[in-house]
Each structure stands twice: as C-alpha cells, then as structure tokens.
Amino acid sequence: MNNSNQQDSVPIISIQSFRDKKLAGREELLFNELYGERHIEKPHKHDFFVIILFNQASGVHNIDSKDYLIGNKEIHVLFPGQMHKWNINSDTIAYQLMAERSFFEQFAPFFRFSFTNYQNNPVIKLSDKAFNQLMYEFEAIKQELESNNSLVHLINARAAVIAAIVSKEAENIFTEFKVYQSNPRLAKFNMLIDEFYKREKSVVFYANQLHISANYLNILCKKHLKVSATQLIQQRISIEAKRLLKLGDLSIKEIAFELGFADHAYFSNFFKAQIGISPTQFRERN
C-alpha cells in the first residue's frame, strides 16, 4: 500500500491558503462570503476549524464520505482533520469563519457537547431566531476584523456567543444532551473519553478521574444511556477507526498504533468485533 499516494489524494490544506481570498481577517481568524456556484471535486482536509452559515442555499456537502443536502438557514461545522468536498449551486449565499486551532481552542468549550457529536452531525438546521442571532454575530466579527485596530478579545467573545447559539440549536439533534445535562458525571465522562480514548481504554481510569468507582460509573451508563461504560469507550474508538480508514492516509498498522493498540492483530480483532467486518474489508467497501 503506497501511503504517499493516498496522502496526495486527500491533501491537508492550511489556513494560509485562504488568506488571499479572505474578505476580512487576522492571523488567527478569517471571514469570507460565498456567493453562487462553488465546486470542490476532490476531498481535502483542513488543519483549522471552519464554521459556515448558509443563508439561502442548495447543493451537496460531503463530509467524511457522507452526503448532506445543503438547505437554507443552516450551520455546517468542520473540525480539523475532517474530510470534505462540495457542489454548491448558483443560488447560494453563505458566510464562513476559519479559525486557527489555537484560537478555536479558546472558544471551543462553549460548544458544550463532545466534538464527536458535531463530527457525526455536522449540519444543524437553524430556527429563524437563531439564524438572525448568528447573522448579527457574523456581521459583527466581520466589521471588527475590517477595523485597523481590531480587538482579539472582542472577536473571541463573539465567537463564544456563536458557539453557544449553535450548541443550543444542536440540542434538537443531540438527543443524549438531556441525559448529560441532568447527569454531570456522564457529561464529564464523555469529555474525558474524547480526551484520552487513544491511550486509556480502562473504565477504572475514567472512574478514578471522576472520583467514583468503576462499578458505579457502569451503573450510571446502563441506567441513563442503555450501554456499558466500556461500550461508550469502544464506540468512540470505533468512530475514529472508521474515519481514519475512510481517509486512507495511514496503513491499518499505523491506525492501530494511532489508536493505542499494541499490535495490528489486536486492533483488527477489536474492529471486527465492533463493526462485523475486518478493517481491510471496511476500507475496500468504502
């Protein structure tokens, strides 16, 4: 398997590539407006965060090999490393914010949910009220970026407001939110999984972080989420494994090490037990 050819087929594009095309921006944040027909035929990835507010729009946005029909009054979110391409029709009007990873990390907590939730549900339909609120904040950021003495703290505060509005709208599609809202330990467990799943796969580790017993953590998960604590960890590993296999940048052996498995065979057995087919079969099928 020639990894360099695969990497060439899914290039990683930095924010520097968009500086000349920006409408307004600073080093850590760019604002752009999208009007009319746009096409990205070959998928690529970014090493920065992108949030797109569609006003009126139609077309198809393919994110991590899944097609999403583009509609009016939507937010699309792309985290660093996600793969995308699109075919946007001529009637489209949209607004785009591109944030360097270090700047994104400052307002990321205001998204409130696990990033996995957004990666699995990157398209969020907006109510009229939320759309109008986001339009106001996008325009305010644009104006601040156009200022000769723009204030990064003000921009960061507005980005946090955008994240908060988006997360409020996301409650409608992230059905587990109410469970996490009423069970702070489960919400914290979910966040810890996102942070440590590549190197920590033991329920005991997460229970210790939460200052509860592994048995009690398991009881909480089964009662409120209908799955065991181990299954939650395994689900997160499986999601990332499938994403990496689809991207094709790494060999299966490299993916195994990336996800913290001691060897290729252990990872293959885990994947087959979770998904029902081997990593090689999954990659060939996709």
Side-chain angles (χ1 to χ4, degrees), residues 1-23 25 29-101 104 111 115-126 134 138 166 170 173 238-252 254-255 258 279 282-286:
M1 184 177 293
N2 188 328
N3 288 333
S4 62
N5 287 342
Q6 289 179 352
Q7 289 170 357
D8 289 342
S9 67
V10 188
I12 299 174
I13 300 177
S14 76
I15 201 168
Q16 304 296 333
S17 307
F18 295 88
R19 294 203 183 281
D20 292 340
K21 305 169 189 175
K22 74 178 189 305
L23 190 65
L29 185 72
L30 302 180
F31 177 94
N32 199 22
E33 294 178 351
L34 305 176
Y35 292 103
E37 193 171 345
R38 300 288 179 106
H39 300 285
I40 302 173
E41 298 297 342
K42 292 187 176 181
H44 66 259
K45 298 179 287 185
H46 302 141
D47 63 0
F48 55 93
F49 175 75
V50 184
I51 185 166
I52 308 156
L53 176 61
F54 286 97
N55 182 345
Q56 62 179 56
S58 63
V60 177
H61 192 181
N62 183 287
I63 304 172
D64 284 342
S65 302
K66 183 176 178 180
D67 284 340
Y68 297 89
L69 293 177
I70 303 171
N72 298 343
K73 297 181 180 178
E74 289 181 350
I75 276 282
H76 293 208
V77 291
L78 283 170
F79 288 83
Q82 283 192 279
M83 181 172 63
H84 89 122
K85 62 179 181 177
W86 62 27
N87 286 295
I88 298 177
N89 296 332
S90 59
D91 59 343
T92 297
I93 301 172
Y95 312 93
Q96 189 176 45
L97 285 173
M98 294 171 272
E100 285 275 22
R101 191 187 293 261
F104 165 68
F111 279 104
F115 292 165
T116 307
N117 285 327
Y118 291 100
Q119 289 169 340
N120 291 338
N121 302 276
V123 175
I124 299 167
K125 289 282 187 183
L126 301 170
L134 288 169
F138 269 67
V166 170
I173 56 173
S238 298
I239 288 168
E240 185 65 9
K242 288 191 288 185
R243 191 178 75 84
L244 291 171
L245 287 164
K246 284 180 181 178
L247 291 177
D249 289 358
L250 303 176
S251 70
I252 293 172
E254 287 170 330
I255 291 171
E258 171 72 14
F282 180 86
R283 172 165 273 174
E284 291 171 350
R285 193 181 69 182
N286 287 274

Set of residues satisfying side chain to side chain contact (heavy atoms under 4.5 Å, CB included) with respect to Asn72, sequence neighbours excluded: Gln56

Interatomic distance, Phe138 atom CZ to Gln96 atom CD [nearest 0.5 angstrom]: 9.0 Å

Can His61 and Val123 be said to form a side chain to side chain contact (heavy atoms under 4.5 Å, CB included), step by step? CA-CA 9 Å; His61 192 181; Val123 175; 5.5 Å; no

Closest non-hydrogen atom pair between Ile124 and Ala170, with its separation: CD1-CB, 4.0 Å

Indicate the atoms forming the closest heavy-atom contact of Thr92 with Ala57, along with that distance. OG1-CA, 3.6 Å

In Å and rounded to the nearest 0.5 Å, what is the CG to CG distance from Leu97 to Leu29? 5.5 Å

Got a second to check how far Leu78's CG is from Gln119's CD, nearest 0.5 Å? 10.0 Å

What do you reckon, are the aromatic ring centroids of Phe111 and Phe49 less than 6.0 Å apart? yes

Counterpart residues, side-chain hydrogen bond (donor to acceptor under 3.5 Å, both in side chains), relative to Asn62 (two or more places apart): Asp67

Could you go through Ile252 and Leu245, starting from their C-alpha distance and side-chain angles, then the distance that decides it, and tell me whether this counts as side chain to side chain contact (heavy atoms under 4.5 Å, CB included)? CA-CA 7 Å; Ile252 293 172; Leu245 287 164; 3.9 Å; yes

Taking CG in Leu69 as the centre, count heavy atoms belonging to other residues, nucleotides or ligands within less than 6.0 Å. Is the count above 12? no

What pairs with Phe54 under ring-ring contact (aromatic ring centres under 6.0 Å, His included), at least two apart in sequence or on another chain? His76

Return the minimal non-hydrogen interatomic distance between Asp47 and Pro80, and the atom names on each side. C-CB, 4.0 Å

Report yes if some heavy atom in the side chain of Trp86 is under 4.5 Å from a heavy atom in the side chain of Ile52; otherwise report no. yes

Between Arg243 and Gly81 (side chain of the first, backbone of the second, donor and acceptor by atom type, cut-off under 3.5 Å), is there such a pair? yes

Considering only heavy atoms from C-beta outward, does the side chain of His84 approach that of Val50 to under 4.5 Å? no

Could you go through the side chain to side chain contact (heavy atoms under 4.5 Å, CB included) check for Leu53 and Leu126 one step at a time? CA-CA 10 Å; Leu53 176 61; Leu126 301 170; 3.6 Å; yes

Does Val77 reach the side chain of Phe79, with side-chain heavy atoms less than 4.5 Å apart? yes

Please list, chain by chain and in numerical order, all residues satisfying side-chain hydrogen bond (donor to acceptor under 3.5 Å, both in side chains) with Gln82, sequence neighbours excluded. Asp64

Run the side-chain hydrogen bond (donor to acceptor under 3.5 Å, both in side chains) test against Lys125 and tell me which residues pass, sequence neighbours left out. Glu74

Working to the nearest 0.5 Å, report the span between CD1 of Ile93 and CD of Glu33. 9.5 Å

According to the interplanar angle, ranging from 0 to 90°, do the rings of His46 and Phe48 count as parallel (below 30°), tilted (30 to 60°) or perpendicular (above 60°)? parallel

What residues form a side chain to side chain contact (heavy atoms under 4.5 Å, CB included) with Lys73, not counting sequence neighbours? Asp128, Phe131

So which heavy atom on Leu34 is nearest to which on Arg38, and how close? CD2-NH1, 3.1 Å

For Ser58 and Asp91, the nearest pair of non-hydrogen atoms, with its separation, is OG-OD1, 2.9 Å

Heavy-atom closest contact (Gly36 atom, Ile88 atom, distance): O-CG2, 3.8 Å

